[in-house]
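Proteins come first, then strands; the chains are lettered A, B, ... in the order of their sequence lines, and each starts at number 1.
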Protein chains: 2
Amino acid sequence: MTTRPVAKADRAKPSGAQRRTRQRAAVADILSDQHDFRTAQQIHDDLRHHGERIGLTTVYRTLQLMTDAGELDAIRTNEGETAYRRCSTGHHHHHLVCRICGRTVEVSGPAVERWANAVAEEYGFREISHDLEIFGTCDTC
Amino acid sequence: MTTRPVAKADRAKPSGAQRRTRQRAAVADILSDQHDFRTAQQIHDDLRHHGERIGLTTVYRTLQLMTDAGELDAIRTNEGETAYRRCSTGHHHHHLVCRICGRTVEVSGPAVERWANAVAEEYGFREISHDLEIFGTCDTC
DNA sequence: ATCGTTGCAAATGTTTTGCATGTCA
DNA sequence: TGACATGCAAAACATTTGCAACGAT
């Protein structure tokens with residue numbers, strides 16, 4: 001086990017370019033609509049319900065590809081699943097997540113960034129990055 | 001999948017009291033020594049190397065018990081494992097983790113707490129909690 | 001003696017991989 | 001036509017559970 005942030009662009013793309021396929025388009029589409037974190041299995045179910053013919057394996061592989069490409073945010077749930085979400089803004093941000101319905105709001109705050117950097121420096125840490133998730137119950141729940 | 005903070009005291013203790021056993025003491029001991037996050041499997045290995053006779057199942061069960069009792073912090077690693085760490089201070093805090101050696105420093109900052117609460121309230125979220133991990137490379141690495 | 005604990009084996013659930021087949025460029 | 005993509009089945013893992021044997025009180 002190694003504790004480090006989720007790899008966003010670890011393995012280098014082998015060589016040849018990627019192909020546009022029906023399946024990849026379908027995964028990308030469904031993630032454009034929804035803004036919540038979804039697991040691979042949920043996405044697979046959704047696609048099936050929408051009449052898409054796609055294998056679970058392909059969903060997993062596509063999500064990994066998109067994550068490596070920086071198009072998706074990936075988090076680990078407490079249930080041990082990996083959940084993915086389209087990363088609308090390319091830059092750094094945090095998430096405000098409703099415990100009940102899963103509604104998510106992207107937030108950002110220079111205050112936190114500054115604090116994190118200051119604390120890290122105080123302890124002699126370099127090349128800082130951080131993950132922050134705020135949980136709560138949203139007004140409609 | 002349900003996104004919510006790691007359950008710290010979910011299931012109620014049935015009725016009878018707990019027993020002190022060699023195995024539970026061993027797990028507690030090893031966690032008192034080390035301050036890093038360790039997975040159940042690592043702890044099991046450590047104990048075996050120290051000559052302890054203990055089953056992996058028991059390690060898992062003991063860690064869960066201690067977590068429910070609020071004695072341990074549990075986090076999900078990006079590799080999909082659950083890592084545990086003794087929670088020295090009973091109160092809320094965050095972690096500064098070295099990407100290389102895994103060294104961990106407990107930090108706390110009212111600034112972040114305030115910011116998180118403010119942002120959450122702005123979006124109508126209640127019963128706020130949050131998780132924050134800062135990653136970096138420590139001075140000795 | 002009683003009832004929580006242990007630990008093996010087996011089950012579960014998620015994600016990955018081998019490989020034959022299909023398909024975009 | 002190729003090289004990459006797909007998807008089934010099987011493998012790989014982490015974790016949980018059934019259950020008979022154990023051990024603490």
### Minimum heavy-atom distance between B/Ile54 and B/Arg48, given as atom pair plus value
O-NH2, 2.7 Å
### Task
Look at atom CZ of B/Arg22 and say whether more than 12 heavy atoms of other residues, nucleotides or ligands are closer to it than 6.0 Å.
yes
### Query
Among A/Thr82, A/Thr58, A/Thr39, A/Leu31, whose side chain to side chain contact (heavy atoms under 4.5 Å, CB included) with A/Leu63 holds?
A/Leu31
### Any A/Thr21 side-chain N or O less than 4.0 Å from OP1/OP2 of D/dT6
yes
### Summary
B/Glu52 atom CD is separated from C/dT5 atom P, nearest whole Å, by 17 Å
### Query
Any donor-acceptor pair under 3.5 Å linking the side chain of A/Arg86 with the backbone of A/Glu71?
no
#### Entry: Over all atoms of both residues, closest heavy-atom pair of B/Ala40 and B/Val59
O-CG1, 3.6 Å
### Message
Output the rounded distance in Å from CZ (A/Arg53) to P (D/dT6).
### Response
12 Å
### Message
With a 4.0 Å limit, can you tell me whether A/Gln23 has a side-chain N or O closer than that to the phosphate oxygens OP1/OP2 of D/dG7?
### Response
yes
### Query
So, is A/Arg24 near the phosphate of D/dT6, with a side-chain N or O under 4.0 Å from OP1 or OP2?
yes
### Query
Would you say the side chain of B/Gln18 lies within less than 4.5 Å of the side chain of B/Leu65, judging by non-hydrogen atoms?
yes
### Query
Looking at A/Ala83 and A/Thr77, what are the two nearest heavy atoms and their distance?
CB-CG2, 4.1 Å
### Query
What's the CD1-P distance between A/Ile54 and C/dT23, to the nearest Å?
14 Å
### Query
In whole angstroms, how far is the C1' atom of C/dC24 from the CZ atom of A/Arg19?
5 Å
### Message
Rounding to an integer number of Å, can you tell me how far A/Leu63 CG sits from C/dT15 P?
### Response
10 Å
### Task
Tell me whether the OP1 or OP2 atom of D/dG7 has a side-chain N or O from A/Thr58 closer than 4.0 Å.
yes
### Query
Has A/Arg20 got more than 12 heavy atoms of other residues, nucleotides or ligands less than 6.0 Å from its CZ?
no
### Task
Could you check how far CG of B/Leu65 sits from C1' of C/dG4, rounded to whole Å?
11 Å
### Task
Take the C1' atoms of the five end pairs on each side of the helix from C/dA1-D/dT25 to C/dA25-D/dT1, get both axes, and report the angle to 10 degrees.
30°
### Task
Could you check how far CZ of A/Arg20 sits from C1' of D/dA5, rounded to whole Å?
14 Å
### Task
Quick one, give me the B/S/- string for nucleotides 9-16 of chain D, reading 5' to 3', where B means a protein heavy atom under 4.0 Å from the base and S means that only happens at the primed atoms, P, OP1 or OP2.
B----SBB
### Query
Do you know which two heavy atoms are closest between A/Arg76 and B/Arg76, and how far apart they sit?
CB-CB, 3.9 Å
